[in-house]
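Accompanying notes for the structure given below.
Note that this is a predicted model, so its numbers are computed, not measured.
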Amino acid sequence: MRKKIIIIFLFILLFFLLFNNISFAAHPQLISKLNSAFTKIQSWLVSLSTPAAAVAVGTGIFMKKFSFGDDERIRTGKKLIRTALFSYILILLLDLILSTIQNLLIS
């Protein structure tokens, strides 16, 4: 029993002697990697939302233009344009809010 305790104590001592200059709380690599990953995802979403909104608005305009008097298609086209613009504005506002919060937390 004493031998096991001594061996465990030596392993713990060896661990602390070998890794005593590593500070896990000072430079958390996992957190910095997650932050950079979320920043990349955020930039990708904003860059992809612009063409998606343009395609949706264009589709809505063409639906209105080529409805040939069909009221249902005109309403659907208007709804598509309105929804695309509101969604794009929401994405831009969320990006603005998140960047403001990030700037406040950094400084």
Discussion item. Are L92 and L45 connected into the same hydrophobic cluster when the rule is that any two of I, L, V, M, F, W, Y join if their side-chain heavy atoms are below 4.5 Å apart?
Written reply: no
Discussion item. Does L90 form a side-chain contact (heavy atoms from CB on, under 4.5 Å) with F86? I'd like the steps, not just the answer.
Written reply: CA-CA 6 Å; L90 179 71; F86 284 145; over 6 Å; no
Discussion item. Test your reading of the model: is there a side-chain donor-acceptor pair from S67 to the backbone of K64, 3.5 Å cut-off?
Written reply: yes
Worksheet item: For the atom pair CE (M63) and OG1 (T59), what is the distance rounded to the nearest 0.5 Å?
Response: 8.5 Å
Worksheet item: For the residue pair L80 and G60, what are the closest heavy atoms and their distance?
Response: CD2-N, 3.6 Å
Worksheet entry | Considering all heavy atoms, the nearest I81-V57 contact | CG1-O, 3.9 Å
Item to complete: Would you please classify the geometry between the F62 ring and the F66 ring as parallel, tilted or perpendicular, with 30° and 60° separating the classes?
Response: parallel
